[in-house]
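Worksheet: the structure to be examined is printed underneath.
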Amino acid sequence: MHNRIIGIAASSGVAIAKAFVHEEPQVDIKKTQIENIEAEVIRFDQALDISKKELGEIKDKTEASLGADKAEIFAAHLLVLSDPELVDAVKGKIKDEHINAEFALNEVASMFISMFENMDNEYMRERAADIRDVSKRVLGHLLGIETASLASISEETIIIAEDLTPSDTAQLNKAFVKGFATDIGGRTSHSAIMSRSLEIPAVVGTKEVTSKIETGMTVIVDGLDGVVIVEPTEAEIAEYEGKRAAFEKQKQEWAKLVNETTTTKDGVHVELAANIGTPDDLEGVLNNGAEGIGLYRTEFLYMGREQLPTEEEQFAAYKEVVERMEGKPVVIRTLDIGGDKELPYLDLPKELNPFLGFRAIRLCLEKEEMFRTQLRALLRASAYGNLKIMFPMIATLEELRAAKAILAEEKELLLNENIAVSDAVEVGIMVEIPSTAVSADLFAKEVDFFSIGTNDLIQYTMAADRMNERVSYLYQPYHPAILRLVHMVIQAAHKQGKWVGMCGEMAGDEIAIPILLGLGLDEFSMSATSILPARSQLLRLSKKELEGFAQKVLELDTAAEVEALVKQTYLA
Ligand code: PEP
Ligand code: MG
């Protein structure tokens, strides 16, 4: 239809309000010759100082309202402002070329931005957005331009923008900003992640909202289906009011399930757990009624800083998580760095295929001291709750045995020092490499549990980089090869009396859930906001019935057939 703009659903919910188009002020940066170089450098330093002060305030505000992990981005921005590579390059240009600070900054920043933008790694490409955001702030001060503050919005509004920077998003007042839509961005861009924590409906990556919408127009943002409707008719408004009310009602229904255990219609209990990145995520986990933590991605403890976290820092984080989960199971994964997750201070050489490279357990077994520090912190924290240790990216039994031997040595050393360690720490592995899935029967004898990491298992099985949009059509969770691998892994584990979880995105997918239940998956681990919808679905399913259904699904030819059959049988 003529007034519909299609984008990517970034944060669920429906919003209807007047649009406010947030435009970047057009800045014209002219090159001028400077006589007094010292004064120009001082002017640059002053602009840096004001920007640092502002960013410090935004960081504190974000920390108070959204938690420390969401504020980390501003710590990264502050680092950019203190980065000698950038600051000294600008000052060098002012001095050597006798030019004005804004021109020098714009040139240096543009050079870094295009360098980062051309890297084949999403994390590094996001650094380009950070430099753009920060340099814009400094340029604004140098040029004396007031940037319109989104914080001053005081009526119900939908923000329309090319993109929203993290500092824009952090200033949004939830009382007035009902939703937003942007031209660029994807589900994992900073603005999308922020919109989900703020629970503001959002559609990103529409390519054209700013060219089609003007301030004052009425707009509907449908963050459930990724649609923006411009100047809706009465009938469309009524339709979407209905959709919004249905979603709110649905959320209230889900909320009633917070304290329930997840027991299927025929009385089988499955565990619904949450994936977390930092202890700050626990609030959302507890509010959404998780029965445990199925994946704690510890790499975030190592990121956004300049050196490795100490044993004490790690111990404090792990202890906090197990204590706050009050005896519920907490699976903590050892460092899974590499691939798309980099640690600049480890100074590792750049690789052509980082997802197939020196990462996770491969790196930990070589950087043994770093690994031992983490294992000690984990073992010490095990005395405070129900902690399980999981090794990522295991491809061979030798890797598993080596990791387990180091763990046993560290346990022995701690016990010799009379430091308390639980004697019931289960040790498991991520099954995310096809070699391990295919030989799961061999691994099952030497682990306490498996957790299937479908995010990686799918990319490695289908040979399709999970970050590459052009091959994203091959990212098929319901492909017969993936379902067969999952089936094999569960069977192999159960034969040895071991339990199997899944912590990839597939575990929270409503089409996959009936199949996984039928295949016998014991634990489903997902982002906190997916838990209640998944519980509501599982309560209505019968495991016995799905066992037969899963066998039928395993006989199908294509992912499309699987999807159609599940939809028709269980989601109609
Ligand atoms: C996975 O690979 O499925 C997984 C859960 O780990 P990550 O997304 O952190 O690689
Ligand atoms: Mg993985």
Side-chain angles (χ1 to χ4, degrees), residues 69 121-123 186-188 193 271-278 281 285 290 292-304 330-343 353-364 374 388-395 399-400 403 428-437 440 443 449-468 472 474-479 481-483 485-486 489-490 500-509 512-513 516 521-528 530-531 534:
D69 62 324
N121 167 307
E122 177 161 314
Y123 179 78
R187 253 191 84 77
T188 56
I193 291 166
E271 191 183 307
L272 265 190
N275 294 348
I276 63 168
T278 83
D281 295 337
V285 166
I293 302 290
L295 169 64
Y296 175 2
R297 291 180 162 102
T298 57
E299 43 279 7
F300 291 101
L301 254 173
Y302 291 69
M303 287 160 77
V330 176
V331 178
I332 307 188
R333 178 172 76 184
T334 59
L335 183 61
D336 181 14
I337 216 67
D340 57 329
K341 302 171 219 156
E342 297 198 353
L343 277 192
N353 283 306
F355 274 115
L356 302 180
F358 185 54
R359 56 174 295 201
I361 199 71
R362 306 164 182 190
L363 188 147
C364 284
Q374 180 170 40
K388 304 173 197 294
I389 296 175
M390 176 157 75
F391 300 122
M393 297 289 293
I394 294 284
E399 286 168 343
L400 170 63
I429 58 170
M430 296 276 301
V431 178
E432 52 187 339
I433 297 182
S435 64
T436 301
F443 286 90
F449 66 91
F450 288 142
S451 186
I452 306 175
T454 48
N455 303 345
D456 279 318
L457 185 62
I458 298 170
Q459 78 163 345
Y460 296 134
T461 305
M462 305 295 292
D465 185 336
R466 67 196 249 195
M467 311 296 274
N468 185 338
S472 63
L474 286 168
Y475 207 82
Q476 299 182 3
Y478 327 127
H479 188 287
I482 303 301
L483 299 179
L485 285 176
V486 170
V489 173
I490 295 174
V500 187
M502 179 180 284
C503 57
E505 289 298 309
M506 186 176 175
D509 176 323
I513 285 175
L516 298 172
L521 193 73
D522 303 293
E523 179 236 39
F524 297 66
S525 193
M526 57 195 69
S527 65
S530 300
I531 287 174

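Indexing begins at 1, ligand by ligand and atom by atom, following the structure's order. Treat the numbers as computed from the prediction; the structure is a model and nothing was measured.
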List ligand 1 atoms under 4.0 Å from [X], heavy atoms only on the residue side.
X    : value
R297 : 4 (C), 5 (C), 6 (O), 7 (P), 8 (O), 9 (O)
E432 : 1 (C), 2 (O)
C503 : 5 (C)
L295 : 5 (C)

Closest approach of I389 and F449, non-hydrogen atoms and distance?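 In terms of heavy atoms, the two residues are closest at O-CZ, 3.7 Å.
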At their closest point, which heavy atom of M393 faces which heavy atom of A360, and how far apart are they? CG-CB, 3.4 Å
If I take every N, O or S atom of D336, is at least one of them less than 2.8 Å from the Mg ion (ligand 2)?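 Under 2.8 Å: D336 has no N, O or S contact with the Mg ion (ligand 2).
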Full working for side-chain contact (heavy atoms from CB on, under 4.5 Å) between E505 and Y475: CA-CA 12 Å; E505 289 298 309; Y475 207 82; over 6 Å; no
Distance (rounded to the nearest 0.5 Å) between [X] [atom1] and [Y] [atom2]:
X    : Y    : atom1 : atom2 : value
M506 : I458 : CE    : CD1   : 6.0 Å
D465 : Y460 : CG    : OH    : 9.0 Å
T298 : M390 : OG1   : CE    : 9.5 Å

The Mg ion (ligand 2) -> E432, closest N, O or S atom is OE1
Write the atom name of the N, O or S atom in D456 that is nearest the Mg ion (ligand 2). OD2
Partner of M502 under side-chain contact (heavy atoms from CB on, under 4.5 Å), chosen from V486, V431, L295: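 Among V486, V431, L295, the one meeting side-chain contact (heavy atoms from CB on, under 4.5 Å) with M502 is V486.
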So is M430 touching ligand 1 or not, going by heavy atoms under 4.0 Å?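 Checking ligand 1 against M430, which is what was asked, there is a heavy-atom contact under 4.0 Å.
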N or O pair under 3.5 Å between E299 and ligand 1: no
Less than 3.5 Å between some nitrogen or oxygen of R359 and one of ligand 1, yes or no? no
How does T454 reach ligand 1, by side chain, by backbone, by both or by neither, if only non-hydrogen atoms under 4.0 Å count?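 T454 to ligand 1: backbone contact only, side chain stays beyond 4.0 Å.
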For M506, which part has a heavy atom under 4.0 Å from ligand 1: side chain, backbone, both, or neither? neither
Note: R359-D456 ion pair, threshold 4.0 Å (strictly below): yes
